[in-house]
Amino acid sequence: MSTLFLLLLFILSLVYLAVKHRKTIRRLHPLVTGVISILFVMAAAVAFVCFYYGGQWLAGNVDNIFALVILQFVLLFVLIGVCLGILTMILDRMENPENSKRHLR
């Protein structure tokens with residue numbers, strides 16, 4: 001049950017990120033918007049796969065159920081942080097393309 005709650009939390013975080021940057025996403029070309037949608041789906045899929053297999057690996061190596069739940073929370077929050085951080089960075093660069101050119105030099 002906690003696994004479903006954590007995955008729902010991740011999906012809600014993705015939705016929040018999309019709503020937060022909706023003005024930028026609406027302004028973009030439809031092809032770019034499609035690419036952003038694919039990136040969101042890929043981030044969710046990668047996080048799910050990492051969480052599922054990482055959780056299964058943890059379940060096989062950790063005997064204490066309390067420690068297992070704590071470790072699964074930590075694993076999912078790290079995955080959420082990494083995936084949302086990457087997506088936020090991409091969307092911020094699309095919002096301010098002149099700032100991203102300075103960072104690339």
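Atoms considered below: every heavy atom in the structure, side chains included; atoms not considered: hydrogens, waters and symmetry mates. Note that the coordinates shown come from a computational prediction; the quantities given were computed from them, not determined experimentally.
- The hydrophobic clustering, which links ILVMFWY residues whose side-chain heavy atoms are closer than 4.5 Å, places V46 and V74 apart.
- Residue V62 is grouped with residue I65 when hydrophobic side chains (ILVMFWY) are merged at heavy-atom distances under 4.5 angstrom, including chains of intermediate members.
- Atom CG of N61 has more than 12 heavy atoms from other residues, nucleotides or ligands within 6.0 Å.
- Evaluation of the side chain to side chain contact (heavy atoms under 4.5 Å, CB included) rule for N64 yields F66, A67 as partners, not counting sequence neighbours.
- Grouped by direct or indirect side-chain proximity (heavy atoms under 4.5 Å, Ile/Leu/Val/Met/Phe/Trp/Tyr only), V41 sits alone.
- Here M42 sits in one hydrophobic cluster together with I38; the rule is ILVMFWY side chains under 4.5 Å apart, joined directly or through other members.
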